[in-house]
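For ligands, and for the atoms within them, numbers begin at 1 and follow the listed sequence.
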Amino acid sequence: MLSLANALDADELSAWEVRNARLVPEVRAAGYCLEVKIDGAAVSLTYEEGRLVMGATRGNGLVGENVTANLRTIRALPLRLRGSGWPARMEVRGEVYLPRSAFDALNQRREKEGRPSFANPRNAAAGSLRQLDPTITAGRGLRLFCFHVEAPGGTLRAERQSDVLATLRDWGLPVEPHYRSVKDLEAASREIAKLERLLATLDYEADGVVVKVDALRLHPELGTIGDREPRWAVARKFAAEVAVTRLQAIRVNVGRTGALTPYAVLDPVAIGGVTVSTATLHNADLIEARDIREGDWVEVTRAGDVIPQVLGPLRDRRTGHERRWQMPSACPRCGSPVERPPDEVASHCPNISCPGRVHEAIAHFASRAGMDIRGLGYERVAQLLESGLIEDVADLYEVRAEQLVTLEGLAAKSAHQLVDAIAVSKQRPLSLLLVALGIPHVGQQAAQILARRFHRLDRLAQAEEEELAAIHGIGPTIARAVAGFFHDATNQRLLERLETLGVRMDEPAAKASGELSGAAYVITGTLPTLARAEATRLLETQGARVTQSVSKKTTALVAGADPGSKLEKATRLGIEVIDEAELLRRLGSGT
Ligand code: IVH
């Protein structure tokens with residue numbers, strides 16, 4: 001899915017036009033379409049013959065996530081298009097969002113139930129889309145706005161982006177109503193100023209205005225930067241809003257590495273239309289440097305995608321009753337004496353079995369960046385820990401559905417889905433396992449370098465610190481952390497257990513592109529993680545063809561859940577049938 005470049009002020013917007021005009025001089029006279037930039041979760045909707053066949057989210061950025069069942073619960077989303085003139089097959093892009101009112105109601109409900117609240121409507125929307133149980137999604141009140149069409153061969157009859165929006169609306173797709181066409185940037189700036197004032201009054205989160213070259217014929221001429229960023233559109237973003245409220249207390253969160261992070265508990269305050277009641281304070285030094293005290297009136301800011309932050313106190317409003325704060329000397333979760341290495345800003349809880357650390361570590365293991373276990377979020381992990389069903393990540397692979405149904409809010413169907421999602425995660429490649437394990441300093445990039453270099457976990461585990469440090473892109477800090485991690489006896493036991501439980505410990509070899517050239521694949525049913533459009537794209541980038549029906553020429557049928565008649569036909573013709581895991585293996589794309 002595409003992303004957008006930002007323009008933070010009018011000058012940056014002009015610079016964008018200047019760059020474009022150098023490539024395609026006509027842009028100056030092509031007019032612009034201005035659209036409210038909704039801050040939610042990007043979705044791609046595939047319509048075939050006017051029927052919704054698939055809906056996907058951005059996923060991890062590379063591989064989308066099929067969320068068709070959940071999207072179907074959004075009332076505003078037509079399963080069948082109205083009118084006529086739609087291309088036989090097209091992909092509609094849009095943004096799923098949670099109205100502010102629904103967001104506030106959801107958080108209030110969760111607070112009453114003692115569950116953590118969502119930081120912002122965007123997280124809430126994305127989280128709601130990832131629910132395993134569509135009835136939960138349905139209860140959240142998600143909405144959707146559409147703004148883009150991709151159709152093979154440009155079969156859409158529209159000359160301007162503003163026509164596309166009108167057409168989408170004619171087909172019954174929801175379109176944000178405040179879009180407008182303007183003739184040039186000067187007019188655009190005036191309208192943008194009006195829109196900026198309007199945004200704060202809307203019941204949905206918007207973090208700017210998207211400015212698009214209105215004439216569609218210029219879009220291919222302008223092209224995209226690096227495959228992802230269209231030159232024909234730019235996001236004109238607005239400065240973050242600031243509000244003043246009272247800081248009731250400073251509390252401390254324990255992270256998975258043991259780092260203690262202070263945060264502020266605030267009198268709830270609306271910032272940019274969202275009620276904020278907590279904000280991060282980063283570390284003790286910052287609190288001291290800004291002289292932030294409990295009881296202070298503080299300025300708090302919140303930019304769409306960022307966690308709310310405390311900027312600083314209003315000193316002239318002090319009464320003398322404010323309390324200076326100090327990092328506690330004992331961990332708030334387990335009571336262990338807190339450590340602070342002299343050259344670091346963060347204090348640590350040194351106890352690796354600290355319940356706070358364990359909780360964060362398991363949630364990280366299951367997170368999208370790691371083993372990507374759908375349905376296993378922060379709270380579900382908390383429940384599993386509290387009920388004693390798990391103590392560490394390896395225990396996840398031994399949990400049975402019969403045990404899960406004893407947990408509150410987990411019906412039999414969801415319990416089975418969760419067990420399946422956990423089982424599927426056993427196949428994640430080494431690079432993701434390395435991220436999931438939470439080795440200090442090892443993020444996505446380092447994990448990939450290590451996985452490609454060593455292919456197998458046992459080989460990586462045996463590597464000496466010097467050998468690791470010599471690898472391009474690794475360096476001494478990561479090398480020390482990795483070597484240290486594998487030398488630790490507890491970690492070794494954990495890895496042995498994971499292996500015994502069937503967790504994959506290697507990285508599939510990447511094949512040269514074009515490896516599958518000449519092959520013909522057919523895809524049927526719902527694949528567990530890949531959206532069909534994405535599977536098609538991955539196959540095509542490797543030179544394979546993807547066709548609609550099974551014939552004697554078909555190389556293999558990729559079958560997911562509810563496969564239907566194509567599976568019967570493939571079996572009859574003796575065509576090989578493979579699952580998604582095998583497809584990914586062939587694509588050499590475990591990543
Ligand atoms: S145009 C294929 N228009 O913002 C379309 N994006 O920061 C390329 N977004 O990924 C983007 N409202 O999810 C476009 N009116 C709008 C939008 C919009 C929200 C999101 C979209 C995109 C992200 C980029």
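- Summarising the geometry, atom SG belonging to Cys33 is positioned 5.0 Å from atom CD belonging to Gln161; distances are rounded to the nearest 0.5 Å.
- Taken from OH in Tyr47 to CH2 in Trp171, the straight-line distance is 10.5 Å, to the nearest 0.5 Å.
- To the nearest 0.5 Å, atom CD of residue Glu580 and atom CG of residue Leu587 are 10.0 Å apart.
- Within the structure, ligand 1 has Lys212 among the residues with a heavy atom less than 4.0 angstrom away.
- Remark: ligand 1 atoms within the under-4.0 Å shell around heavy atoms of Glu95 are 9 (N), 13 (O), 19 (C), 20 (C), 21 (C).
- In summary, the atoms of ligand 1 found under 4.0 Å from a heavy atom of Arg93, numbered by their order in the structure, are 2 (C).
- Of all the heavy atoms of Asp39, none lies under 4.0 Å from any atom of ligand 1, so neither backbone nor side chain is involved.
- Those atoms of ligand 1 that come under 4.0 Å of a heavy atom in Arg58, given as number and element, are 10 (O).
- Note that the OG atom of Ser414 and the CZ atom of Arg380 stand 7.0 Å from one another [nearest 0.5 Å].
- At least one N/O-N/O distance between Ile38 and ligand 1 falls below 3.5 Å.
- Side-chain N/O atoms of Glu176 and Tyr204 include a donor and acceptor closer than 3.5 Å.
- For His148, every heavy-atom contact with ligand 1 shorter than 4.0 Å involves the side chain, none the backbone.
- The Glu35 neighbourhood of ligand 1 comprises atoms 3 (N), 15 (N), 16 (C), with distances under 4.0 Å to a heavy atom of that residue.
- The atoms of ligand 1 that sit less than 4.0 Å from any heavy atom of Val210 are 3 (N), 15 (N), 16 (C), 17 (C).
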With a cut-off of 3.5 Å and sequence neighbours excluded, list every side-chain donor-acceptor pair involving residues 185-193.
residue, atom, partner, partner atom, Å
Ser189, OG, Leu185, O, 3.3
Glu191, OE1, Arg180, NH1, 2.7
Glu191, OE2, Lys194, NZ, 3.0

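- Proximity annotation for atom 9 (N) of ligand 1: of Tyr97, Phe147, Phe145, Phe147 comes nearest, heavy atoms only.
- Separation of the Phe118 and Phe103 ring centroids does not fall under the 6.0 Å cut-off.
- Between Trp232 and His148, the ring planes are parallel. Angles under 30° get that label, and only those over 60° would be called perpendicular.
- Which parts of ligand 1 touch Val36 is read off a 4.0 Å heavy-atom cut-off, strictly below it: atoms 12 (N), 15 (N).
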